[in-house]
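For the single chain, residues carry numbers from 1 onward in sequence order.
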Amino acid sequence: MTASGKKPVIVRQVFAEDLEREFVIIQSAIVKYPFVSMDTEFPGTIFKPDKGIIQEGNPVINYQYMKANIDALKIIQLGLTLADSEGNLPDFGTPFCYVWEFNFRDFDIKKDPYVKESIELLKQHGIDFEKNKEYGIDSKNFAMMVCNSGLVFNYFGGMTWITFHSAYDFGFLVKILTQQPLPYDIGSFMGQLIYFFGYKIFDIKHTFKFFGLQGGLEKVAKTLNVARVAGLSHQAGSDSLLTLQCFMELKKLNVFECNQINRMLPALALYGLISTVG
């Protein structure tokens, strides 16, 4: 599909046989497109506290539940969108722009834990679990490619990560990169985030609170009049693109051009893992 005034966007579906080639392509684009939007799909949350316990202002408790879920669950998809500071996507000299959707083989629907409603929703939105299991990417191989790509360890001056409600997204990515359970405490987890991704990590769900934009990504996009231009909701590649579009829409409206920028868009402020915004 086409965004107004821009080239059509294609979501590049990546399976095991495509992995090395796609990371060569990604690495070639990083210097020119240093903004990265990331999203994941996973099998729901199997450990849930009472609603009265978990809240945005309780980061220590929130992290412990997040750790319990991520340690027990396996990733299904990860989406990446690269962009420049104006929101332009790489086109590699073709008539199209591109984003990426990595499909993993780690999750086995026949034996791994999951939330039934979450899996049914992902099926309805086109995720093929049998295909993923047969042809998908082993997360160990993905970790090796990420570590050698320039996306992490502050290569090329470091990437800027734009996300939406991304504590779980980064949790799964850290689990993949370390091939270990998440750290015991939230401080150690934040240390790992900085080690891999640097300080330029922004969760725009935190920012949207300042403008009364509540709810999920789809609702926020509708409020901002931002249309989904490729893929479907609850597909990681498409959602990573929509997240970037929402951020760029706010940037275009100059909402960050004020003295409150550090308060509205603080680095490392993952929604749910920081104190409630006053």
S.K.: Is atom CD of E120 surrounded by more than 12 heavy atoms (other residues, nucleotides or ligands) closer than 6.0 Å?
M.R.: yes
S.K.: Give a yes or no answer on whether the side chain of S28 reaches the backbone of I25 with a donor-acceptor pair at less than 3.5 Å.
M.R.: yes
S.K.: List the steps, then state whether ring pair (Phe, Tyr, Trp, His ring centres under 6.0 Å) holds for F102 with F23.
M.R.: CA-CA 11 Å; F102 298 90; F23 265 100; 5.4 Å; yes
S.K.: Between the main-chain N or O of Y184 and the side-chain N or O of Q64, is there a donor-acceptor pair closer than 3.5 Å?
M.R.: yes
S.K.: If only atom types and distance count, is the side chain of D239 paired as donor or acceptor with the main-chain N or O of D39 below 3.5 Å?
M.R.: no
S.K.: Could you check T243, T40, T163 and say which one makes a side chain to side chain donor-acceptor pair (under 3.5 Å) with D169?
M.R.: T40
S.K.: Please find the pair of heavy atoms, one from V11 and one from A230, that lie closest to each other, and give the distance.
M.R.: CG2-CB, 4.0 Å
S.K.: So, the side chain of D106 versus the backbone of K74: is there a donor-acceptor pair under 3.5 Å, distance only?
M.R.: no
S.K.: I'd like to know whether S188 forms a side chain to side chain donor-acceptor pair (under 3.5 Å) with D185, so could you lay out the CA-CA distance, the side-chain angles of the two residues, the decisive distance to 0.1 Å, and finally the verdict.
M.R.: CA-CA 6 Å; S188 298; D185 63 273; 3.0 Å; yes
S.K.: What distance separates F104 CZ from F15 CZ, expressed to the nearest 0.5 Å?
M.R.: 11.5 Å
S.K.: Is any side-chain heavy atom of I119 closer than 4.5 Å to a side-chain heavy atom of K116?
M.R.: no
S.K.: Between D84 and N88, do the side chains contain a donor N or O and an acceptor N or O under 3.5 Å apart?
M.R.: yes
S.K.: Rounded at 0.5 Å granularity, tell me how far CZ in F172 sits from OG in S166.
M.R.: 13.5 Å
S.K.: Are the side chain of K140 and the backbone N or O of L177 linked by a donor-acceptor pair below 3.5 Å?
M.R.: no
S.K.: Give the minimum heavy-atom separation between S149 and I30, together with the two atoms involved.
M.R.: O-CD1, 3.2 Å
S.K.: Salt bridge (Lys or Arg N to Asp or Glu O under 4.0 Å) for D128 and K123? Distances and angles first, verdict last.
M.R.: CA-CA 7 Å; D128 186 335; K123 285 181 178 178; over 6 Å; no
S.K.: Would you call the rings of Y98 and F92 parallel, tilted or perpendicular if under 30° counts as parallel and over 60° as perpendicular?
M.R.: tilted
S.K.: Are the ring centres of F164 and F247 closer than 6.0 Å?
M.R.: no
S.K.: Any sub-3.5 Å donor-acceptor pair from K7's side-chain atoms to T94's backbone N or O?
M.R.: yes
S.K.: Side-chain contact, heavy-atom cut-off 4.5 Å: W100 with I26?
M.R.: yes
S.K.: Looking just at side-chain N and O atoms, do Q77 and E101 make a donor-acceptor pair shorter than 3.5 Å?
M.R.: yes
S.K.: Going by heavy atoms in the side chains, are K111 and D108 under 4.5 Å from each other?
M.R.: yes
S.K.: Any idea which heavy atoms bring G136 and A16 closest together, and the distance?
M.R.: O-CB, 3.3 Å
S.K.: What's the spacing between F35 CZ and M159 CE if we round to 0.5 Å?
M.R.: 9.5 Å
S.K.: Would you confirm whether the ring centroid of Y195 sits within less than 6.0 angstrom of the ring centroid of F153?
M.R.: yes
S.K.: Is there side-chain contact between L80 and S240, with at least one heavy-atom pair below 4.5 Å?
M.R.: no
S.K.: Check whether any side-chain heavy atom of D112 sits under 4.5 Å from a side-chain heavy atom of P43, and report yes or no.
M.R.: no
S.K.: So which atom in V220 and which in G215 form the shortest heavy-atom distance, rounded to 0.1 Å?
M.R.: CG2-O, 4.1 Å
S.K.: I'd like to know if F129 and L73 are part of one continuous hydrophobic network [Ile/Leu/Val/Met/Phe/Trp/Tyr, side-chain heavy atoms within less than 4.5 Å].
M.R.: no
S.K.: Counting only heavy atoms not in Q179, do more than 12 sit closer than 6.0 Å to its CD atom?
M.R.: yes
S.K.: A29 and P90: which non-hydrogen atoms are nearest, and at how many Å?
M.R.: CB-CB, 4.4 Å
S.K.: Can any side-chain N or O of Q245 pair as donor or acceptor with the backbone N or O of A227 at less than 3.5 Å?
M.R.: yes
S.K.: Looking at every heavy atom in both P113 and A72, which two are closest together, and how far apart are they?
M.R.: CG-O, 3.5 Å
S.K.: Regarding E249 and K252, does a basic nitrogen lie under 4.0 Å from an acidic carboxylate oxygen?
M.R.: yes
S.K.: Y168 and ring-ring contact (aromatic ring centres under 6.0 Å, His included): which partner among F189, Y63, F42, Y65?
M.R.: F42
S.K.: Is it true that a side-chain atom of K175 and a backbone atom of L182 form a donor plus acceptor pair closer than 3.5 Å?
M.R.: no
S.K.: Please examine the side chains of P34 and T160, heavy atoms only from C-beta on, and report whether any two atoms are closer than 4.5 Å.
M.R.: no
S.K.: Using side-chain heavy atoms (C-beta onward) and a distance below 4.5 Å, is F170 in contact with L193?
M.R.: yes
S.K.: Are T45 and N69 close enough that a side-chain donor and a side-chain acceptor fall under 3.5 Å?
M.R.: no
S.K.: Can you check salt bridge (Lys or Arg N to Asp or Glu O under 4.0 Å) on D138 and R105, steps first, answer last?
M.R.: CA-CA 6 Å; D138 187 312; R105 67 181 304 172; 5.6 Å; no
S.K.: Can you tell me if Q124 has over 12 outside heavy atoms packed within less than 6.0 Å of its CD?
M.R.: yes
S.K.: Looking just at side-chain N and O atoms, do T81 and S37 make a donor-acceptor pair shorter than 3.5 Å?
M.R.: no
S.K.: Nearest 0.5 Å, please: how far is CD1 in I204 from CG in L244?
M.R.: 8.0 Å
S.K.: Calculate, to the nearest 0.5 Å, the distance between atoms CD1 and OG belonging to I76 and S118 respectively.
M.R.: 8.5 Å
S.K.: Using only atom types and a distance under 3.5 Å, with no angle test, would you say the side chain of N148 pairs donor to acceptor with the backbone of M145?
M.R.: no
S.K.: Any chance you could measure R228, atom CZ, to L241, atom CG, to the nearest 0.5 Å?
M.R.: 8.5 Å
